[in-house]
Amino acid sequence: MARHAVALAVTIVAALVVDSGRTAMAFSLTSPAFAANSAIPKQHSCEGANRSPELRWSDAPAGTKAFALVVDDPDAPAGTWVHWVLYDLPDDATTLPEGVPADAAVRGGTHGTNSSRKLGYGGPCPPPGKLHHYVFKLYALGAPTTLKPGATKEDVLRAIEGHVLGQAELIGTYER
C-alpha cells in the first residue's frame with residue numbers, strides 16, 4: 001500500500017523551469033487503467049486491442065489555453081520511440097476516454113504522427129524479454145500550437161517552446 005502511495009506521488013511533477021525562466025505550476029495526470037510506475041494492461045498494447053488508456057488530469061495552471069500530450073518509450077532499442085502525439089486539446093478538457101480514435105481531429109484536439117508514421121495511439125510493443133517504460137507527458141499551454149494534423153513530436157515541442165505553463169507526467173511499464 002505504501003509503495004502504491006509513493007508511486008502515485010511520483011505521478012505529480014513538482015515544478016519545472018520553462019523557457020522564460022519562470023517556474024511552471026505542477027498538475028496531475030493519472031489513469032484508471034494503471035497506477036504510476038506499474039504495468040500497462042495488455043489491452044492497451046500491440047498484444048491486445050491496442051486501445052489508448054483513459055487519462056485524467058486536474059489542477060491545470062491558471063491561464064491554460066490548450067494541452068498537448070506526448071507518449072514515448074525511452075527504452076526502445078533504436079532510441080526513443082514515440083507512441084502518441086496529440087495537441088491543441090481545449091483548455092476545459094480534463095480527460096481522454098479509452099480508445100481515442102486515430103482521426104486527424106479528436107475531442108477538439110489534433111493528432112500528430114507517431115514513430116510508426118501513423119496518426120493516433122500506438123500501444124506498447126517492446127521486443128520480448130525487457131521491461132520498457134512508457135512516459136505520458138501532458139503539457140498545459142498558454143497558447144494553442146495551431147499546427148496542422150500529422151505534426152511530429154519535435155514539431156510540437158518546438159511549437160510549445162515558451163508557452164508551457166506546467167507539465168504532468170505518468171509512467172507505465174510493459175514487458176513481453
Side-chain angles (χ1 to χ4, degrees), residues 8-34 36 40 44 50-74 80-124 133-172:
L8 286 176
V10 172
T11 304
I12 301 172
V13 177
L16 69 146
V17 177
V18 293
D19 299 320
S20 65
R22 298 172 295 155
T23 299
M25 299 297 298
F27 64 109
S28 66
L29 175 63
T30 60
S31 176
F34 63 97
I40 296 170
H44 303 295
N50 206 24
R51 293 171 54 86
S52 61
E54 180 181 345
L55 297 174
R56 300 175 183 170
W57 57 94
S58 60
D59 301 320
T64 297
K65 302 290 186 218
F67 294 96
L69 176 71
V70 173
V71 180
D72 56 29
D73 171 10
T80 300
W81 187 266
V82 179
H83 287 266
W84 199 8
V85 179
L86 184 58
Y87 45 93
D88 293 344
L89 288 163
D91 61 345
D92 61 350
T94 58
T95 64
L96 284 172
E98 178 179 333
V100 172
D103 302 329
V106 60
R107 298 183 65 82
T110 305
H111 264 129
T113 303
N114 59 34
S115 289
S116 295
R117 298 186 183 128
K118 296 179 181 176
L119 295 180
Y121 176 81
H133 296 82
Y134 298 86
V135 184
F136 291 71
K137 293 178 212 148
L138 183 68
Y139 300 92
L141 307 173
T145 71
T146 67
L147 292 168
K148 296 197 180 312
T152 65
K153 170 187 169 181
E154 292 76 19
D155 295 333
V156 172
L157 294 180
R158 273 192 299 277
I160 69 174
E161 193 172 317
H163 300 286
V164 177
L165 302 176
Q167 177 182 328
E169 189 172 282
L170 173 65
I171 299 173

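One-based numbering along the sequence shown.
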Looking at every heavy atom in both T95 and R56, which two are closest together, and how far apart are they?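 Here T95 and R56 meet closest at CG2-CG, 4.0 Å.
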
Looking at every non-hydrogen atom in both residues, tell me the closest pair between P61 and L165 and how far apart they are.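 That closest heavy-atom pairing would be CG-O, 3.7 Å.
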
Closer than 3.5 angstrom, by distance alone: can the side chain of [X] be matched with the main-chain N or O of [Y] as a donor-acceptor pair?
X	Y	answer
W81	P124	no
Y87	A151	yes
S52	G99	yes

Sequence neighbours excluded - side-chain hydrogen bond (donor to acceptor under 3.5 Å, both in side chains) pairs with any residue from residues 137-147: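 Applying side-chain hydrogen bond (donor to acceptor under 3.5 Å, both in side chains) to every pair that reaches into residues 137-147, excluding sequence neighbours, yields D88-T145.
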
Do [X] and [Y] make a side-chain contact, defined as non-hydrogen atoms from C-beta onward lying under 4.5 Å apart?
X	Y	value
L119	T113	yes
P53	F136	yes
D155	V85	no
L138	L55	no

Rounded to the nearest 0.5 Å, what's the gap from [atom1] on [X] to [atom2] on [Y]? Could you check?
X	Y	atom1	atom2	value
K153	W84	NZ	CH2	15.5 Å
W57	L170	CH2	CG	12.0 Å
D91	K65	CG	NZ	6.5 Å
H163	L141	NE2	CG	8.5 Å
I171	I40	CD1	CD1	10.5 Å
D72	N114	CG	CG	11.5 Å

Side chain to side chain contact (heavy atoms under 4.5 Å, CB included) against V106, all qualifying residues, sequence neighbours excluded: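 Once residues adjacent in sequence are excluded, the partners of V106 under the side chain to side chain contact (heavy atoms under 4.5 Å, CB included) criterion are L86, V100, P101, H111.
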
Please name all residues satisfying side chain to side chain contact (heavy atoms under 4.5 Å, CB included) with N50, sequence neighbours left out, ordered by chain then number.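 In terms of side chain to side chain contact (heavy atoms under 4.5 Å, CB included), with neighbours along the sequence ignored, N50 is linked to Y121.
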
Are F67 and L96 close enough, and set up right, to give a side chain to side chain contact (heavy atoms under 4.5 Å, CB included), and what steps lead you there? CA-CA 12 Å; F67 294 96; L96 284 172; over 6 Å; no

Show your working on side chain to side chain contact (heavy atoms under 4.5 Å, CB included) between V156 and L147 and close with a plain yes or no. CA-CA 8 Å; V156 172; L147 292 168; 3.9 Å; yes

Measure up the Y134 and H83 rings against each other and bin them: parallel (under 30°), tilted (30 to 60°), perpendicular (over 60°).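 Geometry flag for H83 against Y134: perpendicular rings.
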
